[in-house]
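Residue numbers start from 1 in every chain, and the chains themselves are labelled A, B, ... in the order their sequence lines are given, proteins ahead of strands.
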2 protein chains.
Amino acid sequence: MKRLTKAERQENLKERLDEDPFLIDRELAELFNVSIQTIRLDRLELGIPEVRERIKSVARQASSKVKSVQSEEIIGELIDIQLNDGGISILESTEELVLEKSKIVRGHHIFAQANSLAVAIIDADAALTGSAEVRYNRPVYVGERLVAKAKVEKIKGNRFYVKVETKINGESVFKGEFIIFSVKDDLMNREG
Amino acid sequence: MKRLTKAERQENLKERLDEDPFLIDRELAELFNVSIQTIRLDRLELGIPEVRERIKSVARQASSKVKSVQSEEIIGELIDIQLNDGGISILESTEELVLEKSKIVRGHHIFAQANSLAVAIIDADAALTGSAEVRYNRPVYVGERLVAKAKVEKIKGNRFYVKVETKINGESVFKGEFIIFSVKDDLMNREG
DNA sequence: AATTAATTAGTAGCAGGTCTTAAAATGAGC
DNA sequence: GCTCATTTTAAGACCTGCTACTAATTAATT
C-alpha cells in the first residue's frame, strides 16, 4: 500500500478498527506502511484506545448484546404513533432475519414487527396480545424495507382491535388483525 | 472467606471465572485468600488461560453470537418430529424474551416458537407461512417452560394446515392454526 | 533558508501475565 | 517427636502491547 495522507490514513484507520478491533499497532503500522509511533499518534488524535481496551469493550457488550438484540421491546423503528389510534414502523430486512438457504425473511419476524407495533400504540401501562389472525401475501427477501401500518379499529373495555398491514414499496406483503389487552399493574405483578 | 481445600478452591475458581472472565489473578487471590502464585498454579492445572485470553475469546464470539441468536432457524429446541405429521419443541423463557417491566414473555416469541415448529415439520425444501390464527390464553412469565406441540391436520396440494398448542405444565397458554406452503426451489430463487 | 507539520526513534515505566527454580509451610503417617 | 509428600509462597528473568515523554529527522510550505 502506498503512502496516504495523514487524513486519509486516519479515516482508513477508523474503518479498519471498526471492522476488526483486534488489530495491534504493529499490524496497523505494517498495513499503512508507517512506523508504530505514527499509528499511536493517530490513535491518540482520534481518541481510539489500545487494543486490549477495544477487545474488553467488545467482550463487555457480548454478554449484554445478546440480550439487547433479542429483547428489543419494539421490533423495527417506530416512526409515527398516535396512541389508541395508529402508528407506523419500519424494519429493514437484514441477513439476520433471513432463512439461510432461500434468503426469505422468516415469518415470525414480520409477525414480530406487526405485533410489537400493535402493542406499542396502546395507551396503557402494559398491553398483551390476546389473539391474532395474520396472512402472508408474498415472501420477503433480504434488503426489502418493511413498512408496517397499524390502525386501532375498535376499543371494547380493555380490548383493542388492531389491524396491521405491512407493505414493501406499496405492495402488501402481510396483513394481521390483533386483539390486544391492556393490563393493570396489579394483575401483572401476580406470581406466574 | 476461610481457606478451602485445593479441590474445593479449584472447583470454585472454575465457576467464578465462568461467571466473570474479567477477573485477574490478584483479585482471585484476594477472593480465595491465597497468594497469586497459588492461583496461577490452579489455572495451570485447570488449563484456564490468562485474563486477556479469556476476554479475547469472549469478544471473538461476540460478533458471531449476535448473528446466531437472531438467525436461529428454529426457535426453541426440537425434541420430537414426524415429518408432515407432528412435532414438539421446548422453549425456556429466559430474561431475554421478556418485557422488562412486567417480566411477561413478549407475544411474538411464543408465536415464533409455534411458527418455526409448524414450518419445521413440513417435509419440503422450504416452507413458508401463509397465514396464522393465534390465541394467547394467559401471560407467560420468566422461567416457565413452553412446550409447543404441532399437528398437521390436513394437506391440500402444497398447503399444510398445522395446529400448534403451547402448554406450561399441561396448562394451555397458546393456540395457533397455521397454513404453511411448501415452496419449490425455482420459485424461491427468483429475485425479490 | 526558515518555519511548520508530520513522522520516526528512543527511553522509562506499567499491567498482567509466563516460565523456572527454590524455599517455606502444612498435613499425614508412623 | 520426626519424616516425607503435598501444597503454598517467593523471587527473578522475560514477554507483549501498550502509555508518556523527549528528541531527532524528514517532508511540505511559505
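- In terms of the side-chain contact (heavy atoms from CB on, under 4.5 Å) criterion, residue partners of B:Glu50 (sequence neighbours excluded) are, by chain and number, B:Arg43, B:Arg52, B:Glu53.
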**Complete:** A correct 5'-to-3' footprint of nucleotides 6-27 of chain D, with B, S and - meaning base, sugar-phosphate only and no protein heavy atom under 4.0 Å, is -SBBBB----BBBB--------
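- For A:Ile39 and C:dA6, the CD1 to P distance is 15 Å, given to the nearest whole Å.
- Checked against side-chain contact (heavy atoms from CB on, under 4.5 Å), B:Thr38 has the following partners two or more places apart in sequence or in another chain: B:Arg9, B:Val34, B:Ser35, B:Asp42.
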Atom pairs and distances, donor-acceptor, side-chain atoms in residues 154-166 of chain B, under 3.5 Å, two or more places apart:
residue	atom	partner	partner atom	Å
B:Asn158	ND2	B:Ser182	O	3.3
B:Glu165	OE2	B:Ser172	OG	2.7

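- Rounded to whole Å, atom P of C:dT8 lies 14 Å from atom CG of A:Leu28.
- Qualifying side-chain contact (heavy atoms from CB on, under 4.5 Å) partners for B:Glu8, counting only residues two or more places apart in sequence or in other chains: B:Leu4, B:Thr5.
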Can you give the donor-acceptor pairs under 3.5 Å from side chains of residues 74-89 of chain A to other protein atoms, not counting sequence neighbours?
residue	atom	partner	partner atom	Å
A:Asp80	OD1	A:Gln82	NE2	3.3
A:Asp80	OD2	A:Gln82	NE2	3.2
A:Asn84	OD1	A:Asp123	N	2.8
A:Asp85	OD1	A:Lys151	NZ	2.8
A:Ser89	OG	A:Gln113	NE2	3.1

